[in-house]
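Below is one structure; the comments refer to it alone.
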Amino acid sequence: MNYQKKMEEIIQQNSGEVKSILLHSCCAPCSSHVIDTLTKYFDITILYYNPNIEPYEEYLKRKNEQIRFIKEYQHKEINFLDCDYDNESFRNKVKGLEHEKEGGARCPVCYRIRLEYTAIKAKEMGYDYFGTTLTVSPYKHSKTINEIGESLEKKYKIKFLYSDFKKKDGYKKSIEMSREYNLYRQDYCGCLIGKNNE
Ligand code: SF4
């Protein structure tokens, strides 16, 4: 399945009508290219729900950088929806998977935690779509992320924006935009378990 193509088809089906999307973002660098790609077609609200990011100081640093980026982004107004730091619930849900390296069995659980919260909120708040910036990263498994999105789309009856933002040089573009906006680029994914298992 080419998820980049699938996203283009969804946009085409909307025939120029701007739709609303609640977009989960993991960090400012990943969001940069994604926001730039979607602004023409969507009214975007960034949902910052990342209970996996540890320690708390790192979480705050990434969140503040996200806020700064959307303030400085000139092309369109981007909304921001903040969430509680729910690290205890993340740790409970990945119990027993602490031995896994980044990319192993803990990560799909982590994707689902964040996507499920986004789907629930998007449904509650009346958005047309929910989606995530996660697929811009070459370190994340796009097929898994899109399959989780698909299952949540069915479960909560809210449309998922399929994507593979790393395609068409998406990851490279996110690095260029990060340089342009002087964004903080972290050197590990998010949880300390993953960092310590490297
Ligand atoms: S390595 Fe990254 S994706 Fe995997 S569980 Fe940790 S924070 Fe989540």
Side-chain angles (χ1 to χ4, degrees), residues 1 3-4 7 22-35 46-67 69 80-122 130-153 155-156 160-167 170-172 174-175 178 183-198:
M1 173 66 77
Y3 290 106
Q4 161 72 23
M7 181 181 83
L22 189 62
L23 183 68
H24 160 263
S25 173
C26 53
C27 61
C30 286
S31 76
S32 60
H33 164 67
V34 175
I35 287 174
I46 292 290
L47 179 82
Y48 201 82
Y49 181 69
N50 295 294
N52 54 313
I53 300 173
E54 301 166 330
Y56 182 61
E57 294 67 34
E58 176 70 18
Y59 166 82
L60 275 186
K61 194 171 178 182
R62 295 188 197 184
K63 182 167 82 170
N64 288 336
E65 201 62 344
Q66 178 71 76
I67 293 168
F69 171 67
F80 183 79
L81 189 59
D82 202 357
C83 303
D84 292 338
Y85 182 60
D86 204 4
N87 182 246
E88 205 183 319
S89 117
F90 166 73
R91 280 287 180 151
N92 285 335
K93 285 174 182 156
V94 298
K95 239 178 207 136
L97 299 168
E98 290 89 348
H99 59 285
E100 296 280 345
K101 287 189 183 304
E102 182 181 345
R106 189 181 58 257
C107 298
V109 178
C110 178
Y111 304 153
R112 178 173 278 275
I113 291 169
R114 293 182 279 169
L115 275 172
E116 185 147 25
Y117 188 85
T118 312
I120 292 169
K121 281 280 158 205
F130 77 104
T132 180
T133 61
L134 286 171
T135 62
V136 80
S137 166
Y139 305 105
K140 306 266 182 325
H141 201 236
S142 290
K143 184 172 179 282
T144 306
I145 294 165
N146 281 288
E147 284 171 358
I148 292 169
E150 186 174 20
S151 73
L152 296 171
E153 177 176 62
K155 184 172 175 186
Y156 295 103
F160 176 63
L161 185 68
Y162 295 85
S163 70
D164 198 355
F165 291 111
K166 71 177 80 54
K167 291 257 168 81
Y171 181 61
K172 193 169 155 247
S174 75
I175 292 173
S178 298
L183 298 176
Y184 162 62
R185 289 182 64 225
Q186 60 273 357
D187 61 2
Y188 68 103
C189 180
C191 65
L192 286 176
I193 321 167
K195 189 178 188 219
N196 296 335
N197 288 352
E198 270 172 12

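Note that the coordinates shown come from a computational prediction; the quantities given were computed from them, not determined experimentally. Both counts, for ligands and for their atoms, begin at 1 and track the order of listing.
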*Please say whether more than 12 non-hydrogen atoms of neighbouring residues, nucleotides or ligands are located less than 6.0 Å from CG in Asp84.*
no
*Give a yes or no on whether Tyr139 atom OH has more than 12 heavy-atom contacts from other residues, nucleotides or ligands under 6.0 Å away.*
no
*Do Leu81 and Ile46 have side chains that get closer than 4.5 Å, going by heavy atoms?*
no
_I'd like to know if the side chain of Tyr184 pairs up with that of Gln66 as donor and acceptor (distance under 3.5 Å, no hydrogens or angles considered)._
no
*Tyr59 vs Tyr48 aromatic rings, parallel, tilted or perpendicular, using cut-offs 30° and 60°?*
tilted
_Using a cut-off of 2.8 Å, how many protein N, O or S atoms sit around atom 8 (Fe) of ligand 1?_
1
*Spacing of OG1 belonging to Thr118 relative to CZ belonging to Arg112, to within rounding of 0.5 Å*: 12.0 Å
